[in-house]
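What follows is one structure encoded as C-alpha cells, with my remarks underneath.
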There are 2 protein chains.
Amino acid sequence: MKLNKTILKSPGSRMTSQRALVFDIISRGGGHLGADEIYARARRKNPRISLSTVYRAIGKFKELGLVAESHLGQEHHHYEAVHNGNHFHLVCIGCGAVIEFEYPLVKRVQDEVARAGGFKVVSAEMNLSGYCRQCGG
Amino acid sequence: MKLNKTILKSPGSRMTSQRALVFDIISRGGGHLGADEIYARARRKNPRISLSTVYRAIGKFKELGLVAESHLGQEHHHYEAVHNGNHFHLVCIGCGAVIEFEYPLVKRVQDEVARAGGFKVVSAEMNLSGYCRQCGG
DNA sequence: GTCCTTGCAAATGCTTTGCACGCTG
DNA sequence: CAGCGTGCAAAGCATTTGCAAGGAC
C-alpha cells in the first residue's frame, strides 16, 4: 500500500489503523469528500475514531503530498487522493455534482503563465461552475 | 457608477452609503481583499460600519454579479470586482502575494471541456500556487 | 522505552443571524 | 411612511489545539 510505504519513509510519522482507514476512504471516495463525510464513513468501520483524528490525518497526508485539498464553492473543503497533478473540477450549481476532468491544455496554460511571470508553479486548481447535462444547461 | 445603476435596477434593493463604500473599496482594492481587510478599510472612512454590514453588502454584490469570490488557499475568502470572466490567480506560497493574470487559452479549456461534457459553464476559477520571482522559484 | 498519535472537550476564527432602530425611495 | 438596511451582540459551524492516555517501532 502506497500509504504505508510513504508514511514509513517519512521520519517521525507512524502508521496507524486510523490513518489507514482515513486514507482508504479518501482513495475510494470517488472524488470529493468533505471532512464531515470522511468522518461519518470512518465511524462506520471504527466508531471510536474522532473528528480531530480525521483532520490530523488529512493534514499529514497533505503534508506528504498524498491528498489534495480543493475549495469548491464557499462551503467546506474537499479532499481527494492525488494520482497526477492535472485533475480539475466541474461543479454543478443545480445538483451539486462534482465532475472531475483532465485536460492537457490546462498544463500548457500553467506552463506558459509560469514562464511569462517567472513563477514556479507547485500546484494548480481549476474549478468551473455551471449546469450539468441533467440540470439543463 | 455601476453599483448605483445596478442596485437601483434590482427591485427591493437600496443604495446606502455603506454599500457604496464597500463597493468602492473592493473596486479600488487592486485585487484580492478578505472580508476583514475590507472591514478595516471601511472603518477608516466610516468608523461606525459593522462587519455584518460588510458581509451583507458583499453577499448582495455577489448576488448581483458585481463581485466575485475566490478561494485562495485554505484561508478565508477573497473578493474582487468583476470586470470580465477571465481573471485568474497565482498565489505565492513564500510571501503570500497574489498575482492576477488573464490568459485566452483558459477560455478555450473552459469551452472545450464544457462542450465535451455537456456542461454549461457559468464561471471559472483557477489558482496556481508556487513561488514568485522574489521568493526564488 | 520513547515519543508520535489518539480521543475528548474546549477553544478559535470566519461568517451568519435575530432584533430593534434608522434611513431610502 | 413602508420596508429594506444597519449595528450590535450572540449564535453557528468547520477546523484547531491542549492534555492525558494509548500504541507503533
Side-chain angles (χ1 to χ4, degrees), chain A residues 1 3-23 25-26 32-43 45-64 66-67 69-79, chain B residues 1 3-26 32-64 66-67 69-79:
Chain A
M1 175 197 267
L3 172 64
N4 212 316
K5 269 189 285 189
T6 310
I7 289 274
L8 293 180
K9 257 191 262 179
S10 145
S13 282
R14 289 174 186 171
M15 241 314 270
T16 64
S17 62
Q18 290 92 334
R19 288 185 178 176
L21 177 55
V22 170
F23 187 73
I25 289 167
I26 297 176
H32 311 272
L33 301 170
D36 53 342
E37 195 158 343
I38 295 170
Y39 176 53
R41 296 189 189 189
R43 288 190 67 156
K45 285 260 185 173
N46 172 3
R48 297 192 45 69
I49 197 172
S50 78
L51 184 56
S52 24
T53 296
V54 170
Y55 274 109
R56 284 188 274 224
I58 293 169
K60 182 60 79 175
F61 299 155
K62 284 198 295 184
E63 187 186 305
L64 297 175
L66 293 171
V67 160
E69 180 180 77
S70 49
H71 313 96
L72 308 171
Q74 46 266 69
E75 292 109 53
H76 43 51
H77 302 150
H78 293 240
Y79 305 95
Chain B
M1 176 200 269
L3 173 65
N4 211 317
K5 269 189 286 192
T6 310
I7 289 275
L8 292 180
K9 255 190 263 179
S10 145
S13 283
R14 288 171 187 173
M15 241 314 271
T16 65
S17 61
Q18 290 92 333
R19 288 185 178 177
L21 177 54
V22 170
F23 186 73
D24 186 57
I25 289 167
I26 296 175
H32 312 271
L33 301 169
D36 53 342
E37 194 157 344
I38 295 170
Y39 176 54
R41 295 188 189 190
R43 289 190 66 157
R44 290 187 213 141
K45 285 260 186 173
N46 172 2
R48 296 193 44 70
I49 197 172
S50 77
L51 184 55
S52 24
T53 297
V54 170
Y55 275 109
R56 284 187 274 224
I58 293 170
K60 183 59 80 176
F61 300 155
K62 284 198 295 184
E63 186 186 306
L64 297 175
L66 293 170
V67 160
E69 180 180 76
S70 50
H71 313 96
L72 308 171
Q74 47 266 69
E75 293 108 52
H76 44 51
H77 302 150
H78 293 241
Y79 306 95

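So you know, we letter chains A, B, ... as the sequences are listed, proteins then strands, and number each from 1.
- For B:Arg48, a side-chain nitrogen or oxygen approaches OP1 or OP2 of D:dC8 to under 4.0 Å.
- Heavy-atom distances to DNA chain D give each of B:Gly12 and B:Pro47 a nearest nucleotide, and the one nearer the 5′ end belongs to B:Gly12.
- Within the 4.0 Å cut-off from OP1 or OP2 of C:dG7, at least one side-chain nitrogen or oxygen of A:Thr53 is found.
- In terms of position on DNA chain C, the residue among B:Gly34 and A:Ser50 whose nearest nucleotide sits closer to the 5' end is A:Ser50.
- In this structure, the CD1 atom of A:Ile58 is 15 Å from the C1' atom of C:dT6, given to the nearest Å.
- Nearest-nucleotide mapping onto DNA chain C: of B:Ser17 and B:Arg56, the residue sitting toward the 5' end is B:Arg56.
- Nucleic acid contact class of B:Ala35 (heavy atoms, under 4.0 Å, all strands): sugar-phosphate only.
- Remark: C1' of D:dC4 and CD of B:Glu63 are 13 Å apart, rounded to the nearest angstrom.
- Residue A:His71 contributes atom NE2, which lies 15 Å from atom P of C:dC14 at whole-angstrom precision.
- At C:dG7, one or more side-chain N or O atoms of A:Gln18 fall inside 4.0 Å of OP1 or OP2 (strictly under the cut-off).
- Rounded to a whole Å, the CG atom of B:Asp36 is 12 Å from the P atom of C:dG13.
- The side chain of B:His77 places no N or O atom within less than 4.0 Å of a non-bridging phosphate oxygen (OP1 or OP2) of C:dC14.
- You won't find any donor-acceptor pair under 3.5 Å spanning the side chain of B:Arg19 and the base of D:dG5, going by distance alone.
- Within 4.0 Å of B:Leu51, counting heavy atoms only, lies at least one base atom of the nucleic acid.
- Counting distance only, with no hydrogens placed and no angle test, the side-chain atoms of B:Thr16 and the base atoms of D:dC4 include no donor-acceptor pair under 3.5 Å.
- Going from atom OH of A:Tyr55 over to atom P of D:dA14 covers 7 Å, rounded to whole Å.
- Here the shortest heavy-atom pairing between A:Phe23 and A:Leu66 reads CE1-CB, 3.8 Å.
- C:dG7 atom C1' lies 11 Å from atom CZ of A:Arg43, rounded to whole Å.
- A straight line from NZ of B:Lys60 to P of C:dT16 spans 14 Å, rounded to a whole angstrom.
- Listed for the A:Arg19 side chain is no donor-acceptor partner under 3.5 Å among the backbone atoms of A:Val54.
- In plain terms, the two heavy atoms of B:Ala42 and B:Leu21 that are nearest each other are O-CD2, 3.6 Å.
- Distances from the side chain of A:Asn46 to the nucleotides D:dC4, C:dG7, D:dC8 place C:dG7 closest.
- The minimum heavy-atom distance between A:Leu33 and A:Ile25, with the atom names listed, is CD1-O, 3.6 Å.
- Atom OG of residue A:Ser13 and atom CZ of residue A:Phe61 lie 9.5 Å apart, to the nearest 0.5 angstrom.
- Between the CG atom of A:Leu21 and the C1' atom of C:dG7 there is a distance of 15 Å, given to the nearest Å.
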